[in-house]
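Just so you know, residue 1 is the first one in the sequence shown, and it goes up from there. These figures come from a predicted structure and were not determined experimentally.
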Amino acid sequence: MGGPLGAIIGRNPSAAGGGEDELGPGGGGGDGIIRHDRRCRDLAFLVLFAGFWVAMIVNSSFGFNQGNPLRLTYGLDYKGNICGSRHGDPNLHELDVRYWMNPNQVYQSGVKDNKIDIADAKAICLMECPIPAVDGLNFVCDYPEGDIRLSVDDWIDRDYDYFEFLTPDMRNSSLQLQGPCYPVIFPSVNVYWSCQFIARASNVSLKHWQQMGGVNIDENILIDKTIHNVINSKSAVLKRYVADIGKSWPVLIVCGGLLPLFLSAIWLLMIRYFVAAMPWITVVLFNALIISVTMFCYIKAGWLGNDPLTVVIGESDPYVHISGREISHLHAATVAMTVIMIIAFLCSIAIIRRILIATPVLKVAAKVIGEVQALIIFPVVPYFILAIFYMFWFSATLHLFSSGQVLRNDCNTDCCSYDLKLGKVNCDNCCGYSMHYTPHIGVAILFHLFGCYWATQFFIACSSTVIAGSVASYYWARGELSHDIPFATVISSLRRLLRYSLGSVAIGSLVVSAVEWVRFILECLRRKLKLVDSAQESFFGKMTSSSSQCCLGCIDWTLKSVNRNAYIMIAITGKGFFKASVLATGLIMNNILRIGKVNVIGDVILFLGKLCVSLLCALFAFLMLDSHKYKSVYNKISSPLFPVLVSWGLGYIVAKLFFQVVEMSIDTIILSFCQDSEEHQGNAQYAPSILMETMDEQSELQRLTQGP
């Protein structure tokens, strides 16, 4: 172990080589409990972390400069304008629905081995999807310009139809499906701001078109499937999910920020004053919440009640059913929640008899919180730091995901359309526009996601280290400095972290983040290889894949456990991360039989408590997203799934910030107890009386809970 730690963390100046006991002039406060013979540790990793922040700012600046979040929701017209943009030519404000004008181009783009691509089919932006006339023929005409002396507002008021103003040449061109006006033959519905054709032509409109001498129009089902495939592509669905985050920001602020802050503070106060009842309340509440969230999933999936998720925006024919990936994902999430609910219920039954073991451990934490009262308030500091970071990060995410370039396609199609500016049919300008993403944008997005995880782990680790230093001061004071403990120890611990240990915290958080990302990358590669390999995967391949994932999961869990105890030893001893990890692991291994069962059930109850807070946040997110605001045309979200998951994740992170007051209190007290016992031949000298009672009660409690 490298010598007694009591000389460093206790009040034993002689053991420290005759050094002075650094209590300060007045014997004051937490500064004198943990000696200050420290120096800066792991500076190289602190420099690396600073460089990472510079890279994050540069990376985000690229997104803010190149991105436009409107691209995530709305499509492009044939001029490369974003539907709904004020900066288009013309001004497309409120014209946010993309409509493909030429039905034959849509059909031909769906024919196999055809050169025409749907991205090159002529599309414009409208306020709503047009419908065929009941007793005649409607037209949708191009944006008014050139010889068409209409303003955009007049064009909208005329339902985009100025066929009567066309010259004979323009009319002949329109009858050849070359514009500027095109017939409305097929009904269409607004599916995520794109008009999807229903392959059911209006007989009345088609008859009028034929009587006018129009060319033949294909009525194949491909006209429906082609647009559906564009709207339902994986990239389009991912963009809509990211766009949902921007649209539902009030939900994220309330359910991912304010609500978990309130709930976590309430939970800490209840631990302080109702500690005996909290394990039972937590288990019951957890099961009630997971059942409630699962029922909401059933409702939105359409398996319960009559309010299912729909991909159609606005009113539509009730007899027209259109599916989408969002609905399929919600069905999968509902099945997953059902399985999780059943497993959670069975696990709750399994631990009921062992809940008594958790109560004494939580009593120790409640005693610490009562003595070091600033610990209840302190998590607010990292909470606000993370809140500012997440607001910046989410904004940068929206811009990075939309930071591709709008470029004209390189097409080889033979098509012609009437150019109102030139006043004639033009056959040289048939290619449409698309969003083009270069490989470095994908790398930038991955780095941005990794940066979020590392920064989150770093701030949580800093908070853990400060709490550990405060609790260690409480333990080794043995009541002698109780009048200074409530606030001075927290401030002193924070000062030591900022001055000496930021590099150690940076490397600890980096190790966990790196392992998590190795798991993520290997899982992505496994899925991609599984899709590429058409042959059925062998039993050996499945076993190898499952084993590797299991091993990485165990390594990740072990690292997180070691890190948490390493942060405690960093706070106590001021050692570097790796040395502190060795010290913590040695203490635990030497006392594993004594403290193993003391802490496990307590950790389970705390984990369920964090899930209670996050599940309640998810439930409130479901309720808020079910309001009319998020079902209206302009602010409709594609699916509640992603905002609810983000609210759940943010709620869990906030709960972790507050619950780690209890977690780190227990772990720090136990590690300090182990070292205290080792230095005093098995009899801890500094342990609070309630801890000694807890350790003495364990054998009896285990006998009672295990039964005969």
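- For the atom pair CG (L43) and CG (L502), the distance works out to 10.0 Å, reported to the nearest 0.5 Å.
- A 4.5 Å side-chain heavy-atom check between M569 and V582 finds every atom pair outside the cut-off.
- How far CD1 of I351 is from CG of L346: 12.0 Å, rounded to the nearest 0.5 Å.
- The shortest distance between side-chain heavy atoms of I349 and F345 falls below 4.5 Å.
- Residues F658 and V380 are in side-chain contact: their nearest non-hydrogen atoms beyond the backbone lie under 4.5 Å apart.
- Using a 4.5 Å cut-off on side-chain heavy atoms (C-beta onward), V283 and I605 make contact.
- Side-chain contact between F458 and L510: absent, with no pair of heavy atoms (C-beta onward) separated by less than 4.5 Å.
- Taking each heavy atom of V471 and S665 in turn, the nearest pair found is CG2-OG, 3.6 Å.
- Between I291 and M341, some side-chain heavy-atom pair lies under the 4.5 Å cut-off.
- The minimum heavy-atom distance between V490 and A374, with the atom names listed, is CG2-CB, 3.7 Å.
- Counted by atom type alone, Q457 and S513 present zero donor-acceptor pairs between their side chains at under 3.5 Å.
- In this structure, T585 contributes its side chain and S581 its backbone to a donor-acceptor pair below 3.5 Å.
- The distance from the CZ atom of R41 to the CZ atom of F577 is 14.5 Å, given to the nearest 0.5 Å.
- Side chain of S509 to main chain of A506: a donor-acceptor pair is present (N/O by atom type, distance under 3.5 Å, no hydrogens or angles).
- To the nearest 0.5 angstrom, I460 atom CD1 is 5.5 Å from K656 atom NZ.
- Residues V512 and Y453 meet the side-chain proximity criterion, which asks for heavy atoms closer than 4.5 Å.
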Would you give me the side-chain donor-acceptor pairs under 3.5 Å for residues 383-397, sequence neighbours excluded?
unit_1	atom_1	unit_2	atom_2	d
Y383	OH	G257	O	2.8
Y390	OH	T456	OG1	2.7
W393	NE1	H448	O	2.9
W393	NE1	H448	NE2	3.1
T397	OG1	W393	O	2.7
T397	OG1	H448	NE2	3.0

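- Residues L657 and S264 fail the side-chain proximity criterion, which asks for heavy atoms closer than 4.5 Å.
- For the residue pair V368 and L375, the shortest heavy atom distance occurs at CG1-CD1, 4.1 Å.
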Scan the side chains in residues 608-619 for donor-acceptor partners under 3.5 Å anywhere in the protein, sequence neighbours excluded, and list what turns up.
unit_1	atom_1	unit_2	atom_2	d
K610	NZ	E663	OE2	3.0
S614	OG	K610	O	3.1
S614	OG	L611	O	3.0
S614	OG	W648	NE1	3.1

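- With respect to C462, the side chain to side chain contact (heavy atoms under 4.5 Å, CB included) criterion is satisfied by exactly one of I467, L498, V505: V505.
- Here the closest non-hydrogen pair linking S504 and D42 is OG-OD2, 2.7 Å.
- Checked against the 6.0 Å centroid criterion, the rings of W267 and F659 qualify as a close aromatic pair.
- Within 6.0 Å of CZ on F620 lie no more than 12 heavy atoms contributed by other residues, nucleotides or ligands.
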Inset, instruction - Would you please test R564 and D603 for salt bridge (Lys or Arg N to Asp or Glu O under 4.0 Å) and show each step? - result: CA-CA 13 Å; R564 193 167 69 178; D603 282 346; 3.3 Å; yes
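- Between C452 and M56, the closest heavy-atom pair is N-CE, 4.4 Å.
- What you find for A288 and S292 is that their closest heavy atoms are O-OG, 2.9 Å.
- Separating the OG1 atom in T465 from the CD atom in Q660 is a distance of 9.0 Å, to the nearest 0.5 Å.
- Ring pair F52/F49: centre-to-centre distance below 6.0 Å.
- Considering CG of L258 and CG of L252, their distance stands at 11.5 Å, rounded to 0.5 Å.
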